[in-house]
Protein chains: 2
Amino acid sequence: MSTERIHPVVLSGGSGSRLWPLSRAGYPKQFLPLAGENSMLQGTMQRVAGSQFAAPLMICNDEHRYVVAEQLRTAGITANRIILEPIGRNTAPAVAVAALTLLEQQEDALMLVLPSDHVIQNEPAFHAAIAQAEKAARQGHLVTFGITPNKPETGYGYIQQAEELSVSGVHKVARFVEKPDFDTAATYVASGEFLWNSGIFLFSAKQYLDELKAHHPKMVKACQAALELAENDLTFCRLNKEAFANSPSDSIDYAVMEKTTHAAVVPVDMNWSDLGAWSALWDITEKDSDGNASHGDVLLHNTRNSYVHADHALVAVTGLDDVIVVATDDAVLVANRDNAQDVKKIVDTLKEQGRYEHTLHTTVHRPWGNYRGIDLGERYQVKRISVKPGEQLSLQKHYHRAEHWIVVKGTALVTCGEKEFLVRENESTYIPMGEVHRLKNPGKVELELIEVQSGGYLGEDDIVRLEDGYGRTQ
Amino acid sequence: MSTERIHPVVLSGGSGSRLWPLSRAGYPKQFLPLAGENSMLQGTMQRVAGSQFAAPLMICNDEHRYVVAEQLRTAGITANRIILEPIGRNTAPAVAVAALTLLEQQEDALMLVLPSDHVIQNEPAFHAAIAQAEKAARQGHLVTFGITPNKPETGYGYIQQAEELSVSGVHKVARFVEKPDFDTAATYVASGEFLWNSGIFLFSAKQYLDELKAHHPKMVKACQAALELAENDLTFCRLNKEAFANSPSDSIDYAVMEKTTHAAVVPVDMNWSDLGAWSALWDITEKDSDGNASHGDVLLHNTRNSYVHADHALVAVTGLDDVIVVATDDAVLVANRDNAQDVKKIVDTLKEQGRYEHTLHTTVHRPWGNYRGIDLGERYQVKRISVKPGEQLSLQKHYHRAEHWIVVKGTALVTCGEKEFLVRENESTYIPMGEVHRLKNPGKVELELIEVQSGGYLGEDDIVRLEDGYGRTQ
């Protein structure tokens, strides 16, 4: 058996709409600390940080690049690469790009493909399964991880296992099946032959590409072109948009696993959850004696088996069982725990209505820090802006608004027209309409300021970037 | 029959805790536009604005004086007097004070006592009942209004009617009964003899006082002293606190109606509600085809027979029946419609925990306008301040905070130390710690400004008032 390390490939593609309003497209669930102190992305990375693993390769939406970089930094993870998708093409092309990247580094690279938004509470079981899967993968199998089902879940696809391979604990795949109805799911669970399809895979990069070339040559070509024409910048690699857009969109399952004759499955019981709905979060969260899981400033009276998350305001619940309540500063969800999947329908309605609450949070993350809208009037708005030490916003100007900045923490280095000066805590400055300006945190602690914008048009798009440290001037 | 006009006496005493979080002690339900465009206080006043009524006499909590004055002003109501209670003593002393005040104006004054937080949807029926009650009152009866019950409500006291008086439609009272249990309430409703006790009365001021003197001489003396020592200021009359505190606390029912031999009741069916809980608001509100009553930015999916009130954020509900959801910017209530009374238990818990959400809203009303907390940090807070045209805050200073003011609407006249100057829209000024300052709106439109406070202590009590137009310098 090889002593080469396994390459984790972490996929961050989903928008997590079933965990709305906490999870939104601009900052979806994998970045949220929903199941502990760390985000699920960080948890995923930390589970594969042992000596048997190489540095992880990350594939994410271009828009999330700074969130990903920041989360890896705070978790102490150094990525092999962070590959940026300018457009989503499902998992098969993403993994193809990862495989092509790894093959350049190591001919016999094994890749462990991991969604970034799963929770695994039994880590030793996971690692044991990886060790078994590794053996099978080195023998030429494409191994998928099958979760031992504990209830007739209708939200997952299933894998029927066949005979055990020569590698103990790893089975041939008899067939993949789509999400079943409840009765079918019940017979699957009773049979003992069926496993939940977790979306976790372990296989050789070369072999994955060979399979893909055989079944989807166009996809491989598009991915190769996207990589060849990519912009590379330190650890980031931004795929070429036009080239990547030429790739068909497909999942690993459809594109490869259901077609290959080398599919294998390793059954594993590891307290796994994909947190596909608020009810799943209730399942894995510690509960009080009434069966309630709560987070934040929550007051419960005569309430049972409920999940209550207060992100912002006090949330009081009385006389209800089996409800989900999630309150953020701009959206409140109240749902039946038994139909928690229906949250997606709310999000669909928001999309149809052209609203923003399914994509943006009131706190918006930027490479230099974040801002949060705290008040909005007819001709003004108020934001709290946080700038990380050493970071700066772009050199910019606005045609339709003036800005008042009051520093409430730290020190700002302000450029306004030809002048450059410091603004300290409890000091303020004024940026006239049309004036070129820049905000920088030259210090060692977070800079916080209150910005009052005043003008006839206050949209985020009234910004002319003259110079930017994060490549946003085009 | 006399052609003298009836004197409406409107009582504003309750804190409306069952309609939390919209209703809070500092700004309770009678001031809220819960059942239409006007507040319930305004609705109460407008129902007795016809030519058969004299100008209303208002009795309210001292702390609510400017809210009451402002609501009367915007509704175009001129009060006879606004009597301020420095301390609550239940309804019997409040009505005694009103009776004493009216007797000075007119010896045979008839008073119509009205709680300020009721809804009456059938106004002609109400006026017809008043006309009947007036006849009986002029004949020496103390008339209470009994609502024809339409369900076995356990939240109200009941009145059993006896034979009809010589005045058509008015009955002698057989007895008053306390809130019954459900089964008793059901037999009451079935009997046809029982009516809900509405807390609305019509009687002669002199006769009420005579009854009170006979049964509670100490109460009448305390009320007389409180009036004699009262501070009078335009339409306001602030009762003397020490004197009024000597009055026993009691209700009209206990103190007079259950003791007098002249009690009468006029049965009336007028779509009355005391809005004693959110479920009562659901009852009287127009509903969609699924039985939902909603207000504000609400999204419903697979939800029936629910009341959803979005005051601040978007509220989405899915898969639930018979729920109450009320979301404000600092508190969210989710309750079972069948146990909506239990909201009081939430409020009790907030009291026990020494919190503020049951007394204060984030928007705080002041005689000069209002302010709203919009952000709060470790050493700063941000408020939006609105000052009415012509109004000004007190001349004041703070020991622990400096203030930045940015005008976002209108024009401010600012006093800061020895200087006085105008600050216009999109201009700002700075008030150093310890500096004497004043804010005035000299203009004809509302003044709005963003205040950023900065300092080590930011409590409302860090204020030294040197001069105040509203008597708040002591």
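Heavy atoms only: backbone and side chains are in, while hydrogens, waters and symmetry mates are out. All chains are named by letter (A, B, ...) in the order of the sequence lines, taking the proteins before the strands, and each is independently numbered beginning at 1.
Side-chain atoms of H404(A) and N426(B) include a donor-acceptor pair closer than 3.5 Å. Looking only at atom types and distance, the side chain of H361(B) has no donor-acceptor partner in the side chain of D330(B) under 3.5 Å away.
Contact tally against chain B (heavy-atom pairs below 4.5 Å) for A402(A), A313(A), A316(A): the top residue is A316(A). Across V317(A), L320(A), N339(A), the residue that shares the most heavy-atom pairs under 4.5 angstrom with chain B is L320(A). When R384(A), K345(A), R337(A) are compared by the number of non-hydrogen pairs under 4.5 Å with chain B, R384(A) comes out ahead.
At a 4.5 Å heavy-atom cutoff, the contact between S428(A) and chain B is made by backbone and side-chain atoms alike. Contacts between I406(A) and chain B at a heavy-atom distance below 4.5 Å involve the side chain alone, from C-beta outward. Only the side chain of R355(A) comes within contact range of chain B, judged by heavy atoms closer than 4.5 Å. For A327(A), the part lying under 4.5 angstrom from a heavy atom of chain B is the side chain only. Contacts between D329(A) and chain B at a heavy-atom distance below 4.5 Å involve the backbone alone (N, CA, C, O). When heavy atoms are compared at a cutoff of 4.5 Å, V308(A) does not approach chain B at all. Using a 4.5 Å cut-off between heavy atoms, E403(A) makes no contact with chain B at all.
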Quiz prompt | Working for side chain to side chain contact (heavy atoms under 4.5 Å, CB included), residues E391(A) and N441(A) | solution = CA-CA 6 Å; E391(A) 300 292 333; N441(A) 179 357; 5.7 Å; no
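Contacts between residues 371-380 of chain A and chain B, defined by a heavy-atom separation under 4.5 Å, are made by I374(A), D375(A), L376(A), R379(A), Y380(A).
Using a 4.0 Å cut-off between charged side-chain N and carboxylate O, K383(B) and E460(B) make a salt bridge.
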